[in-house]
Amino acid sequence: MLQPRQPSLLQALVPIAVLLLLLFLAVYYFGDDSSSGPNQIALLLCAGVATVMGRYNGYGREQIEQAIVRGISLTLGAILILLAVGSLIGSWLLSGTVPTMIYYGLKLLNPDYFYLSCSIICAIVALSIGSSWTVAATIGVALMGVASGLGLSEVICAGAIVSGAYFGDKLSPLSDTTNLAPAVAGTDLFTHIRFMLYSTLPSFSITLVLFLILGLQEGRGAQPVELDALLGSLSMQFHIAWYLLMPLGITLFLAFRKVPAFPAIGIGALFGALMAVLFQQDFIQAQADPNLGEIGGTITVVWKAMYAGVSLDTPDPLLKDLLSGGGMGSMLNTIWLIISAMTFGSVMEATGLLQRVVQSLLKAAKSVAGLIITTISTAFGTNLIAADQYIAIVMPGRMFKPEYEKRNLAPENLSRAVEDGGTCTSALIPWNTCGAYMQSVLLVNPFDYALYAFFNWLTPLMGILLALMGVKRFQLPAVQTKNNDEKGEEHVVQPR
């Protein structure tokens, strides 16, 4: 059997160029609705273009199809989490958990420091549980409601939530990406976390200053949107009490105990449904079909909340926007986008087109700084093309590792570079699994909040700046390393 030919650089760039053109046209013609079908069509068409290139170079149809199936199978865990999150939001809206968080948030959070507080709260929780997705789906949803109630920008609020969530996720030893990057690069977890502090702490410090400035500017001019009336409406529609926050506490506790995201969020959704039955009977019966009786009405309303979400029937448009949504059905468009994106990324990887682009980039990386900058750029580019942060970590890490070893660079240089370029930038891309997830939960397009997701931009830029400044870590000679280990001495950091 003949071996497939290696693609040329031109062949590798054709699908990418077509994709960028189609995505631009999708945004131009459809605006915020571009992720509701146009982007999916663009990704599938470009998967077809990449398939044509692969077939021309001798790759078999079955080989490409199997790669697509493998690629999509990698996202099944994320898809299950998305469905669980949809149910969680629906049940928490019905149970009064989200209304209670909004109610207390409106009373406690100062508009002048709101964006700063959002980012810090999300950072602390994400650092504790290691999941930016869980933070966005729980605390993030409530903070978006508080921002709306205070008359503040929901777009900036989304940027603050994403910034804080990804800072905490990036430094948490419980995070999957924080464990994946050192595993691929060949270093240990806590060495990787310590070395990430060089780029992460300055980036988040600048981020907090920027949110403080934005909050002081907007907070002083912001007028709470009929705040007293809104608080009164929340109290009238729902039973508000501190114990309705128990579903949130249980979900965060399970995440902190390293229970996988899908069962943790699923349990949180079911507990929210139980709380709805116990404490929100007046609201449930107002939504129920009177012909079904109290028990049948309760069952159908709770069931519907978990698959179709909550639709609040109220003349107050703000309250309706705040407390309507959720359900598994609200996540189907995001799942469609993820499947389309993974189809394209899988074909690009299986036909060697993605690797061909990376090889060309590697040839241009003559210096150590150039190698690190190329790694960060490649991770970001992989997020754009393959549309998944795990691929953006694994593929550059796997491909650049021999070059880092050849240049006597410690593996934490590689692990930090792929995290700076791969983890943080994933939420900025609407067709990436992370960007699509954040949009489905926060209901703000990544193209809109990306301008204010300061941390997610600053971290790769800080990584590039550190590379240019020569802040890197070289390997120690084997004999010296062995002697130092025997003496209990620390390895030396040699900034250049």
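Since the structure is predicted, the reported quantities are computational estimates derived from the model, not experimental observations.
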### Message
Looking at Thr374 and Gly370, would you say the former's side chain and the latter's main chain have a donor-acceptor pair under 3.5 Å?
### Response
yes

### Side chain proximity check, Ser346 to Ile72, heavy atoms < 4.5 angstrom
no

### Task
Please lay out, stage by stage, how Tyr59 and Met53 fare under the test side-chain contact (heavy atoms from CB on, under 4.5 Å).
CA-CA 9 Å; Tyr59 287 88; Met53 296 294 177; over 6 Å; no

### Message
Please find the pair of heavy atoms, one from Ala126 and one from Gly164, that lie closest to each other, and give the distance.
### Response
CB-O, 4.4 Å

### Message
I'd like to know whether Arg416 forms a side-chain contact (heavy atoms from CB on, under 4.5 Å) with Leu466, so could you lay out the CA-CA distance, the side-chain angles of the two residues, the decisive distance to 0.1 Å, and finally the verdict.
### Response
CA-CA 11 Å; Arg416 188 185 73 184; Leu466 291 173; 3.8 Å; yes

### Message
Using modelled atom types and a 3.5 Å cut-off, is there a donor and acceptor pairing between side-chain atoms of Trp457 and backbone atoms of Ala450?
### Response
yes

### Query
Between Trp336 and Gly37, what is the shortest heavy-atom contact and its length?
CH2-CA, 3.5 Å

### Message
With side-chain contact (heavy atoms from CB on, under 4.5 Å) as the test, pick out the partner of Thr134 among Val125, Ile139, Asp169, Ile265.
### Response
Ile265

### Message
Tell me whether Ser91 contacts the main-chain N or O of Ala269 through its side chain, where contact means a donor paired with an acceptor under 3.5 Å.
### Response
yes

### Query
Would you find more than 12 non-hydrogen atoms of other residues, nucleotides or ligands less than 6.0 Å from Phe204 atom CZ?
yes

#### Entry: Under 3.5 Å side-chain donor-acceptor pair for Thr51 and Arg55
no

### Message
Could you report the tightest heavy-atom contact between Gly266 and Ala84, atom names first, then the distance?
### Response
N-CB, 4.2 Å

### Task
Evaluate the side-chain proximity of Phe195 to Glu419: yes if any heavy-atom separation is below 4.5 Å, no if none is.
no

### Task
Just jot down the side-chain contact (heavy atoms from CB on, under 4.5 Å) partners of Leu43, sequence neighbours excluded, or say none.
Leu19, Leu337, Ser340, Ala341, Phe344, Trp431

### Query
Do Tyr307 and Ser87 have side chains that get closer than 4.5 Å, going by heavy atoms?
no

### Summary
Between the CE atom in Met101 and the OG1 atom in Thr138, the distance rounded to the nearest 0.5 Å is 6.5 Å

## Note on the structure
Shortest non-hydrogen pair, Ala12 vs Val357, comes out as CB-CG2, 3.7 Å

### Side-chain donor or acceptor of Ser172 paired with backbone N/O of Gly168 under 3.5 Å
no

## Note on the structure
Rounded to the nearest 0.5 Å, the OH atom of Tyr198 sits from the OG atom of Ser203 at a distance of 14.5 Å

### Side-chain donor/acceptor of Asn413 to backbone N/O of Ala410, under 3.5 Å
yes

#### Entry: Asn179 versus Pro173, closest heavy-atom pair with distance
ND2-O, 2.9 Å

### Query
How about Phe455 and Ile206: do any of their side-chain heavy atoms sit closer than 4.5 Å?
no

#### Entry: CD1-CZ distance between Ile385 and Phe380, expressed to the nearest 0.5 angstrom
10.0 Å

## Note on the structure
Between Gly272 and Pro247 the two heavy atoms that sit nearest each other are CA-CG, 4.1 Å

### Task
Report yes if the side chains of Leu461 and Asp420 come closer than 4.5 Å at any heavy-atom pair, otherwise no.
no

### Message
Can you tell me how far apart CD (Gln6) and CG (Leu353) are? Round to the nearest 0.5 Å.
### Response
10.0 Å

### Query
Just by distance, do the side chain of Asn383 and the backbone of Ile429 share a donor-acceptor pair under 3.5 Å?
no

### Query
Looking at side-chain heavy atoms only, is the closest gap between Lys401 and Val184 below 4.5 Å?
no

### Task
Side-chain contact test, heavy atoms from C-beta onward, threshold under 4.5 Å: evaluate it for Thr207 versus Leu458 and give yes or no.
yes

### Query
Under 3.5 Å, side chain of Thr200 to main-chain N/O of Leu197, donor-acceptor pair present?
no

### Message
Under the criterion side-chain contact (heavy atoms from CB on, under 4.5 Å), I'd like the reasoning laid out for Gln439 against Phe447: C-alpha separation, chi angles, the key distance, then a yes or no.
### Response
CA-CA 10 Å; Gln439 181 174 354; Phe447 279 145; over 6 Å; no

### Query
Is Ser163 reaching over with its side chain to a backbone N or O of Ala160, donor-acceptor style, under 3.5 angstrom?
no

### Message
Would you say that Tyr56 contacts Gln11 through its side chain, given a criterion of any heavy-atom pair below 4.5 Å between the two side chains?
### Response
yes

### Message
Working to the nearest 0.5 angstrom, can you tell me the gap between Ser153 OG and Tyr115 OH?
### Response
4.5 Å

### Query
What's the spacing between Ser415 OG and Met196 CE if we round to 0.5 Å?
7.5 Å

### Identified side-chain contact (heavy atoms from CB on, under 4.5 Å) counterpart of Met144 within the set Val444, Leu443, Val98, Val441
Val444

### Message
Can a donor-acceptor pair be found, under 3.5 Å and without considering hydrogens, that links the side chain of Ser440 to the backbone of Tyr437?
### Response
yes

### Message
I'd like to know whether Ile156 forms a side-chain contact (heavy atoms from CB on, under 4.5 Å) with Phe211, so could you lay out the CA-CA distance, the side-chain angles of the two residues, the decisive distance to 0.1 Å, and finally the verdict.
### Response
CA-CA 9 Å; Ile156 300 178; Phe211 282 128; 4.1 Å; yes

### Message
Distance alone, cut at 3.5 Å: any donor-acceptor contact between the side chains of Thr187 and His192?
### Response
no

### Message
Tell me whether Asn456 contacts the main-chain N or O of Thr425 through its side chain, where contact means a donor paired with an acceptor under 3.5 Å.
### Response
no

### Task
Name the orientation class of the two ring planes belonging to Tyr404 and Phe400 (parallel below 30°, tilted from 30 to 60°, perpendicular beyond 60°).
tilted

